[in-house]
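Have a look at the structure below before the remarks.
Since we're looking at a predicted model, the values are computed, not measured. By convention in this document, chain letters (A, B, ...) are assigned in the order of the sequence lines, proteins followed by strands, and residues within each chain are numbered from 1.
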There are 2 protein chains.
Amino acid sequence: MQRTTKQRTAILAALGRQEDFRTAQQIHEDLRAAGDPVALATVYRNLQALASAGDVDVLTTDDGEAIYRQCEQAAHHHHLVCRECGRTVEFQAPQMEQWAEQIAAEHGFTDIDHTMEVFGLCPEHSAR
Amino acid sequence: MQRTTKQRTAILAALGRQEDFRTAQQIHEDLRAAGDPVALATVYRNLQALASAGDVDVLTTDDGEAIYRQCEQAAHHHHLVCRECGRTVEFQAPQMEQWAEQIAAEHGFTDIDHTMEVFGLCPEHSAR
DNA sequence: ATATGTGCAAATGCTTTGCAACGCC
DNA sequence: GGCGTTGCAAAGCATTTGCACATAT
């Protein structure tokens, strides 16, 4: 029950040729530029589906915008994102996971989940 | 140039009598309930001011809503939030900060900033 | 055939802004 | 009195939804 439509294919292709995190609207624009226009609503619907299927990573920027990117790693991981160009490096942080777990336990919290993202300026966009 | 108006005072009072993170709209509602109605726009404007002055913490939920809370600690810190009732514990993670810094440096990123929040169920809302 | 997916436009929901009235300093 | 502040209503934006039409299986 997940059909292979040309729009879905186009969206996956667009994600594939992009290394960085992009907003739904940017992806919509990318598609238009690539000559495969897809309705914005469709982009949103598919991105949502892909995200809940775990096929793409979703992050929420500080101003509440969702940004999407094709996963590189299947395992749980974090991101180091350039706040200027969106360039991204994925990394893992086993020690940290463990540590979060511990702090939570200390306070009697269970069923833990956490987020950790690092934003900065990549070499090419470093100030001065 | 930051005047002491009754609305600003009321907002601070509302924040003071709340332990958990609240959305701007909830705060607006709290004020109305407390008999000190303040225009929603004013709530937003003040919350913004307080946040950039570092007097309140702002978090962005996954669905892109901003939630506010009076700071307990002046220093940089993180939150352990109950996803059921909003109950919050603040904690620091010096080792982690340091570690994030290091990872960023390894990839040539500068001007680092990071987010880390832990969500879970507090003792009172632990499943079964 | 038929359940799904798509496009379009209207509807949401949070947040921001323009502007005239208002009230600290 | 002057300038930051407020209220209100309108504007903005990203995202969602209703619905008729198209389409993969």
Would you say the side-chain atoms of [X] pair up with the backbone N or O of [Y], donor to acceptor, closer than 3.5 Å?
X	Y	answer
B:Gln26	B:Thr23	yes
A:Thr42	A:Val38	no
B:Arg8	B:Arg3	yes

Examine [N]: is either OP1 or OP2 under 4.0 Å from a nitrogen or oxygen in the side chain of [X]? Give yes or no.
X	N	value
A:Thr5	C:dT6	yes
A:Thr42	C:dG7	yes
A:Tyr44	D:dT16	no
B:Gln7	D:dG7	yes

(message) Can you say whether a donor on the side chain of B:Arg3 sits under 3.5 Å from an acceptor on the base of D:dG4, or the other way round?
(response) yes
(request) Kindly say whether, by distance alone, the side chain of B:Arg45 makes a donor-acceptor pair under 3.5 Å with the base of D:dG4? (result)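 Side chain to base: no pair below 3.5 Å.
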Nucleotide [N], atom [atom2] - distance to [atom1] of [X] in whole Å:
X	N	atom1	atom2	value
B:Arg22	C:dC14	CZ	C1'	17 Å
A:Lys6	D:dT25	NZ	C1'	15 Å
A:Ile67	D:dT15	CD1	C1'	16 Å
B:Asn46	C:dT16	CG	P	13 Å
A:Asp63	D:dG12	CG	P	18 Å
B:Gln48	C:dC14	CD	P	16 Å
B:Leu40	D:dA11	CG	P	17 Å
B:Glu65	C:dT12	CD	P	17 Å

(message) Hydrophobic cluster membership, with links at side-chain heavy-atom distances under 4.5 Å among I/L/V/M/F/W/Y: are A:Leu121 and A:Val89 in one?
(response) no
(message) Ring centres under 6.0 Å, that's the criterion: do B:His78 and A:His114 meet it?
(response) no
Would you check if there is a donor-acceptor pair between the side chains of [Y] and [X] at a distance under 3.5 Å?
X	Y	value
A:Glu117	A:His79	yes
B:His125	A:Asp111	no
B:Tyr68	B:Gln48	no

(request) Determine to 10° how strongly the helix from C:dA1-D:dT25 to C:dC25-D:dG1 is bent, judged from the axes of its five-pair ends. (result) 30°
Counting the atoms with a prime plus P, OP1 and OP2 as sugar-phosphate, which does [X] contact under 4.0 Å by heavy atoms, base, sugar-phosphate, or nothing?
X	value
B:Thr4	sugar-phosphate
A:Gln26	nothing
B:Arg8	sugar-phosphate
B:Gln25	base

